[in-house]
Amino acid sequence: MSNHVKVAVLVTPGYHPVSGRPRPAQADVAALGVAQTISTSLKVLTAGAPSDASLDGYLGLGASEIEVLGDEGCDIVDTLQPALSGQELILLGGRADGGEASGLLPYQLSAQLGVPLVPDALTVKLVGRLVRVTQFMPKGLRREVEVSLPAIIAVHPRAPINVQYAFAKARQGRLLRSRIGSTGKVSSYWQYEAATRRPLMLKAKLKQSGHARMLGAIASDDGKSGGQVVKTGDAVAKAQVVLDYLREHRLIDF
């Protein structure tokens, strides 16, 4: 664990998907947990007007202080940029609990600060001035990448973490509110909307062979599946059985 690198963690308020109660965002909890494996002295920041209830969870997970910048109408990127300009390693969740309406903040900060961004990080390890990152890839794949400091690491929600909530830590932690980046008024052009549910990939309920599906499709009305297998008789008799079946089910009209 290195204490010589200035590490900052960005957190956002989250909400329980069912009850709607405020809670820490899962991706930011992962970022906080990964940051605690790197340094014992973290600078934890947030911007906007989050409620105390949504930030108390981060205090209970080990953030001794959380600096709250700006107000409800502030520009998040412009507000965070001055506070992050001196930090060497910045960790944050890749996506907040805002559904599909979020996920651009890491890229916007990377562009504003002029530092590289590594998304979907599972593990982060400092080796001198290099950061070794294990990236989450689709279909269970992983990729090892290295990036030089300063850098921004967006942590994947599935990152293995070992943080536990402690009520005593939540009571001992502090929220430091700052007017940096405040506009002094609530912006009137913001439009808030509820997060939409992600579309689910359709999957077949039963994994059957083509032969089994065909037998199910030609099942008779009396519940017997599999139809009739004709093994005796000549070709004319077998064809007559097929013809009778098609006429019975009104598949032909002659």
N162 atom CG, over 12 foreign heavy atoms within 6.0 Å
no
Can you tell if the side chain of R142 reaches within under 4.5 Å of the side chain of Q135, non-hydrogen atoms only?
no
Heavy atoms only: give me the nearest V155-A31 pair and the separation to one decimal.
CG2-CA, 3.7 Å
Find out whether P119 and F136 are in side-chain contact, i.e. whether some heavy atom of one side chain is under 4.5 Å from a heavy atom of the other.
no
Checking side-chain contact (heavy atoms from CB on, under 4.5 Å) for the pair K125/T123: CA distance, chi angles, key distance, verdict?
CA-CA 7 Å; K125 184 178 181 181; T123 62; over 6 Å; no
Ion pair present between E88 and K6, side-chain N to carboxylate O less than 4.0 angstrom?
no
Mind checking the CG-CG spacing from L10 to L109? Nearest 0.5 Å is all I need.
6.5 Å
Before giving the answer on side-chain contact (heavy atoms from CB on, under 4.5 Å), spell out for Q240 and D244 the whole-Å C-alpha distance, their side-chain angles and the decisive distance to 0.1 Å.
CA-CA 6 Å; Q240 185 63 44; D244 293 341; 2.9 Å; yes
Looking only at heavy atoms, what is the nearest atom pair of Y165 and A170, with distance?
OH-CB, 3.5 Å
Does L122 offer a backbone N or O that forms a donor-acceptor pair with the side chain of T134 under 3.5 Å?
no
To the nearest 0.5 Å, what is the distance between CG (D120) and CD1 (I153)?
11.0 Å
Compute both the distance and the angle, then confirm whether R171 meets the cation-pi test with F167: under 6.0 Å from the six-membered ring centre, within 45 degrees of the axis.
yes
Using the rule that Ile, Leu, Val, Met, Phe, Trp and Tyr join whenever any side-chain heavy atoms are under 4.5 Å apart, tell me whether Y107 and L105 fall into a single cluster.
yes
If you define the side chain from C-beta out and look only at heavy atoms, does anything of L42 sit under 4.5 Å from Q36?
yes
Which distance, rounded to the nearest 0.5 Å, do you find between the CZ of R129 and the CD of E146?
14.0 Å
Between CD on residue E67 and CG on residue L80, distance to nearest 0.5 Å:
10.0 Å
Could you measure the distance from the CG atom of L89 to the CG atom of L126? Nearest 0.5 Å is fine.
6.0 Å
Shortest non-hydrogen contact from P22 to Y15?
CA-CD2, 4.1 Å
Between the side chain of T46 and the main-chain N/O of V11, is any donor-acceptor distance below 3.5 Å?
yes
Inter-residue atom distance I90.CD1 - L45.CG, 0.5 Å rounding
9.0 Å
Would a 4.5 Å heavy-atom cut-off, applied to side chains only, mark V242 and K238 as touching?
no
Are the side chains of Y58 and V9 in touch, meaning some heavy atoms are under 4.5 Å apart?
no
Residue pair Q81, L113: steps toward the side-chain contact (heavy atoms from CB on, under 4.5 Å) verdict:
CA-CA 7 Å; Q81 182 181 359; L113 297 173; 3.6 Å; yes
Shortest non-hydrogen separation from G93 to D28 and the atoms involved
N-OD1, 2.8 Å
Side-chain heavy atoms of L243 within contact of R247, under 4.5 Å:
yes
Can you check side-chain contact (heavy atoms from CB on, under 4.5 Å) on L59 and K169, steps first, answer last?
CA-CA 6 Å; L59 299 177; K169 292 182 179 179; over 6 Å; no
Flag the pair V133 / E144 as yes when at least one side-chain heavy-atom distance between them is below 4.5 Å, and no otherwise.
no
If every non-hydrogen atom of S85 is compared with every non-hydrogen atom of P82, which pair is closest and at what distance?
OG-O, 2.9 Å
Contact between L92 and P106 at the side-chain level, heavy atoms closer than 4.5 Å - yes or no?
yes
Under 4.5 Å between side-chain heavy atoms, hopping through other hydrophobics if needed: is there a path connecting V68 to L176?
no
Looking at every heavy atom in both V163 and G33, which two are closest together, and how far apart are they?
CG1-CA, 3.6 Å
